Amino acid sequence: MTDTAPPQEKSGKRGLLVTLEIDSRLLGMIGAFVLLCLAFNFATDGRFLTPRNIFNLSIQTVSVAIMATGMVFVIVMRHIDLSVGALLAFCSATMGVMQVWVLPQTLGLGIGHPLIAPITIVVGLIAGTLVGAANGWLIGYQRIPAFIVTLGGLLIWRNFGWYESSGQTLGPLDSTILNFGGIDGTLGETLSWVVGVLAAASAVWALWRARANKVHHGFPVKPMWAEVALAGLTIASVMGFVWLLNSYQMPVARMKRMFEARGEVMPEGFTAGYGLPISVLLLIVVVVAMTVVARRTRFGRYIFAAGGNPDAAELSGINTRMLTVKVFALMGFLCALSAVVAQARQTYHTNDIGTLDELRVIAAAVIGGTALAGGIGTIYGAILGAIIMQSLQSGMAMVGVDAPFQNIVVGLVLVLAVWIDIQYRKRLGEKI
Amino acid sequence: MTAPLVELRNVSIAFGGIKAVDHVTVDLHPGEVVGLLGHNGAGKSTLIKCLSGAYQADAGEIFIDGEKVEIKNPRDARALNIETIYQTLALADNLDAASNLFLGRELITPMGFVDDAAMEAETRKIMGRLNPNFRKFKEPVKALSGGQRQSVAIARAVYFNARILIMDEPTAALGPQETQMVAELIQELKAQGLGIFLIEHDIHNVMKLCDRASVMKNGQLVGTVDVKDVTDEDILGMIILGKMPDRAR
Ligand SMILES: Nc1ncnc2c1ncn2[C@@H]1O[C@H](COP(=O)(O)OP(=O)(O)OP(=O)(O)O)[C@@H](O)[C@H]1O
Ligand SMILES: [Mg+2]
């Protein structure tokens with residue numbers, strides 16, 4: 001596999017994991033995460049693992065998690081991108097100016113025009129992609145180290161955004177864009193169940209296809225019970241997540257207002273759950289797409305090859321310079337996507353949006369097992385990394401840990417996670 | 001005589017001030033194995049890298065079937081059916097054998113995705129021929145032994161129906177049995193009409209496998225001899241002293 005599953009031992013307690021073909025590293029991370037959640041839940045008298053808090057955690061994670069998937073590719077190619085927070089701010093400023101000034105006023109579409117959101121988003125995505133591609137060109141073709149190019153970008157882009165917006169706070173944002181913010185854009189209970197069922201069905205279908213393909217080529221397959229267990233686990237997790245989000249009830253006052261806005265009266269005893277936030281759905285789509293790119297496309301294969309051995313990739317006819325441009329352009333695209341979510345979540349654009357996000361994004365990728373030496377990393381790992389970081393931060397805030405101490409803990413966890421990863425790889429006899 | 005399959009004419013390349021290859025001319029005919037010999041640092045690898053597209057020569061010309069060609073990068077070389085086993089093997093250590101074998105030429109499903117299962121099946125087939133003891137199809141190649149890695153590199157070069165094969169010390173890491181299999185492979189490919197440049201330090205193997213031998217010293221060509229016209233000592237003299245044997249003159 002491209003994602004370099006560690007060599008598996010056939011004996012001992014790892015036997016079950018081998019049968020299920022589950023990455024034991026992933027299992028370790030999930031285990032640590034579960035422990036963390038239980039500890040916080042205990043320390044907060046059960047306030048940590050409520051539907052409300054899980055809902056909030058999910059929407060807080062999205063922006064960093066989207067960028068972390070791109071950072072995996074960047075780091076796998078032995079590069080780094082320090083400019084993602086600044087690029088997010090630049091894209092957010094560009095989109096803020098578009099939807100608040102240019103489209104409604106200068107072009108006279110008027111506030112609330114249905115074309116404002118799509119045009120704004122497309123312009124933002126193009127801006128992010130172009131800046132990313134320019135970074136990639138400087139790194140790939142001009143051979144300037146990525147560290148330097150993106151360190152420059154860190155200083156350049158946020159301040160470019162400042163000039164675009166004249167340093168002003170931009171708002172109110174377009175109502176369609178606000179849907180990407182989280183609490184103001186959810187699918188509601190029914191639609192959430194529909195999405196859950198579709199997601200579970202496609203996951204099971206993918207598992208089945210993988211098995212059928214192996215059988216077709218006469219390769220050994222997992223025993224049927226293992227396959228069924230894995231499918232069951234997948235369905236249970238997807239449905240459990242939807243159920244959790246659906247059980248976060250909207251406050252009565254808010255629902256009353258919604259009914260009034262439609263000119264109706266809320267029936268007595270009416271309840272409704274928020275369901276899946278659109279931003280989380282967006283993240284899920286990004287994760288699935290990026291995982292497919294990493295594992296099943298030539299582009300992804302070349303990223304891992306170039307990270308493992310750049311010379312070998314070049315000698316195999318891969319244009320590694322162009323590949324660098326593409327990877328950074330993709331990173332820029334994802335920064336723009338995150339900018340939509342981030343500005344919608346705070347309901348306006350400010351110049352300090354996404355400050356320090358570069359560190360959170362890199363930390364998420366690295367905690368998730370992406371090796372700075374290149375060639376190794378997974379998308380799901382980075383997502384787990386982002387979730388763990390966010391949970392740590394929110395959990396400590398809920399417990400009432402002092403702000404400086406919160407950062408100390410996050411810093412320690414980052415170093416500890418990488419240390420554990422190194423020990424783990426050593427145990428498996430890998431050379432680092 | 002018909003035009004040679006490959007001719008490198010007056011090729012020169014320098015790194016900084018060092019003339020690694022200095023006006024070297026060698027050629028190769030279909031169904032022929034030409035040995036490239038010389039001391040360490042003589043310029044053998046650098047010369048063949050001009051043909052494989054890894055380097056671009058500072059001066060000189062390359063002819064394929066008598067026609068002048070420009071080989072600007074490894075893709076150009078592959079398009080001309082030139083396959084290379086590099087001395088460094090050029091494998092991506094983090095990928096498995098199949099991903100390395102098909103690197104840059106992945107098999108694709110009708111949907112446009114890489115078809116790992118099909119590639120693994122093909123890899124199993126060709127490794128079954130080249131190195132039947134090979135089992136590590138799932139591991140990244142960094143988990144393989146030197147010889148196993150070398151067989152992956154060899155498999156990659158012969159899988160894609162090359163017309164011109166460049167082998168830079170292909171048996172350096174191989175055991176006696178595996179070396180014997182590569183010797184048989186070379187003879188088989190030769191019988192199929194491939195032209196092979198073989199860089200090899202073992203004179204015994206050169207005498208056994210090659211039709212002609214071109215010897216380099218300090219970046220320059222000492223000369224090219226028919227292997228059946230000379231003895232081991234003659235070739236050693238060419239490598240060490242840089243002078244042509246009397247008989248072949
Ligand atoms: N990329 C490079 N940069 C600078 N000098 C180089 C480079 N590659 C090779 N050289 C120099 O060119 C000369 C020829 O090297 P080359 O690798 O072609 O030797 P070789 O005949 O293949 O030797 P060996 O038998 O050890 O493989 C050497 O002096 C080497 O130091
Ligand atoms: Mg050499």
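Just so you know, these numbers use all the heavy atoms, side chains as well, and skip hydrogens, waters and symmetry mates. Note that the coordinates shown come from a computational prediction; the quantities given were computed from them, not determined experimentally. So you know, we letter chains A, B, ... as the sequences are listed, proteins then strands, and number each from 1.
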**OP:** Could you verify whether a donor N or O on one side chain and an acceptor N or O on the other, from Asp168(B) and Ser45(B), lie under 3.5 Å apart?
**Re:** yes

Original post:
Under a 4.5 Å heavy-atom cut-off, does chain A meet the side chain of Ile108(B), its backbone, both or neither?
Top reply: side chain

Subject >> Test side chain to side chain contact (heavy atoms under 4.5 Å, CB included) applied to Val292(A) and Phe113(B), step by step >> reply: CA-CA 9 Å; Val292(A) 169; Phe113(B) 294 116; 3.4 Å; yes

Original post:
How are the rings of His217(A) and Phe219(A) set relative to one another: parallel (under 30°), tilted (30 to 60°) or perpendicular (over 60°)?
Top reply: parallel

Original post:
With a 4.5 angstrom heavy-atom cut-off, which part of Thr109(B) approaches chain A: side chain, backbone, both or neither?
Top reply: side chain

Subject >> Part of Ala98(B) within contact of chain A (heavy atom distance under 4.5 Å) >> reply: neither

Original post:
Picking from Ala54(B), Ala92(B), Gly53(B), Pro74(B), which has the most non-hydrogen pairs under 4.5 angstrom with chain A?
Top reply: Pro74(B)

**OP:** Would you mind checking which part of Arg105(B) comes under 4.5 Å of any heavy atom in chain A, side chain (CB onward), backbone (N, CA, C, O), both or neither?
**Re:** backbone

**OP:** For the residue pair Ser52(B) and Tyr86(B), confirm or rule out a side-chain donor-acceptor distance under 3.5 Å.
**Re:** yes

Original post:
Is Arg9(B) close to Ile62(B) at the side-chain level, that is, under 4.5 Å between some pair of heavy atoms?
Top reply: no

Original post:
Looking at Asp76(B), Asn73(B), Thr84(B), Leu91(B), which has the largest count of heavy-atom pairs under 4.5 Å with chain A?
Top reply: Leu91(B)

